Amino acid sequence: MFFTTARLTLRPVLPEDTSWLPALRDAPSVHDLSQFDSRLPPSVVLDSMGECIGLVLIWPSAPSLWRIEFLLLDSARGQGYAQEMVRAWGHRFQQLCPGDNLEAQLQEGDEAALKVLRFAGFESCGAGRYCLEGGL
């Protein structure tokens, strides 16, 4: 599933991407796609020049509850890309999983990630946890 924003293209991870993809803190490995739902595949984020600048992972963690983790390469930070990609995936999640909730867990003091989540509509739902309610 490909989709675009004003400046970004989000596409599923391809086998050739796995050489540069880092492991994220709590997310399943992109090498095991069975951990992900086919409606919300692990996604590489491309800038307008087609360069890989980030990664977004969404996976089920409990009935009606999903987790999101995202990563933006250092070279792409400070340009609003993280806000754009997380907001886009949040909207896509709400369309595909009405009634479910999407949760992000932040490390204490991660103000940049907190700013991204708030911009995308996430609200605090516990210590270090931020949720986006499903459905539009």
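All values below come from the heavy atoms of this structure, side chains included, with hydrogens, waters and symmetry mates left out. For clarity, every value in this text was computed on a predicted model and none was experimentally measured.
The line from CG of D32 to CH2 of W59 is 13.0 Å long, rounded to the nearest 0.5 Å. With values rounded to the nearest 0.5 angstrom, R67 atom CZ is found 13.5 Å from N101 atom CG. Atoms CG and CH2, on L96 and W89 in that order, are 7.0 Å from each other to the nearest 0.5 Å. Note: L8 CG to L10 CG = 6.0 Å, rounded to the nearest 0.5 Å. For the atom pair CZ (R11) and CZ (F2), the distance works out to 6.5 Å, reported to the nearest 0.5 Å.
Every side chain to side chain contact (heavy atoms under 4.5 Å, CB included) that S64 has, sequence neighbours left out, goes to D100.
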Output side-chain donor-acceptor pairs under 3.5 Å for residues 116-129, partner residues at least two apart or in another chain, one line each.
| residue | atom | partner | partner atom | Å |
| --- | --- | --- | --- | --- |
| R129 | NE | E103 | OE1 | 2.9 |
| R129 | NH1 | C125 | O | 3.0 |
| R129 | NH2 | E103 | OE1 | 3.1 |

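Residue V44 is tested with V56, T9, V13, L14 for a side chain to side chain contact (heavy atoms under 4.5 Å, CB included); the sole match is V13.
Considering every non-hydrogen atom in both M85 and L71, the closest pair reads CE-O, 3.4 Å. Scanning both residues, L132 and G90, for their nearest heavy atoms gives CD2-CA, 3.6 Å. A113 and L106 make their closest contact through CB-CD2, 3.6 Å (heavy atoms, listed as atom of the first residue, atom of the second, distance). In terms of heavy-atom proximity, I58 sits nearest to I68 at CG1-CG1, 3.9 Å. Here the closest non-hydrogen pair linking L33 and P42 is CD2-CG, 3.8 Å.
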Candidate pair L72 and F70, rule side chain to side chain contact (heavy atoms under 4.5 Å, CB included), full reasoning
CA-CA 7 Å; L72 195 65; F70 56 93; over 6 Å; no

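Listed by first then second residue, pairs satisfying salt bridge (charged side-chain N to carboxylate O under 4.0 Å, His left out) with a partner in residues 71-86 read R7-E84, D74-R77, not counting sequence neighbours.
Looking at heavy atoms from C-beta onward, L40 lies in side-chain contact with C97 at the 4.5 angstrom threshold.
Side-chain heavy atoms closer than 4.5 Å link hydrophobic residues (I, L, V, M, F, W, Y) into clusters, and following such links, even through other members, never connects V86 to L65.
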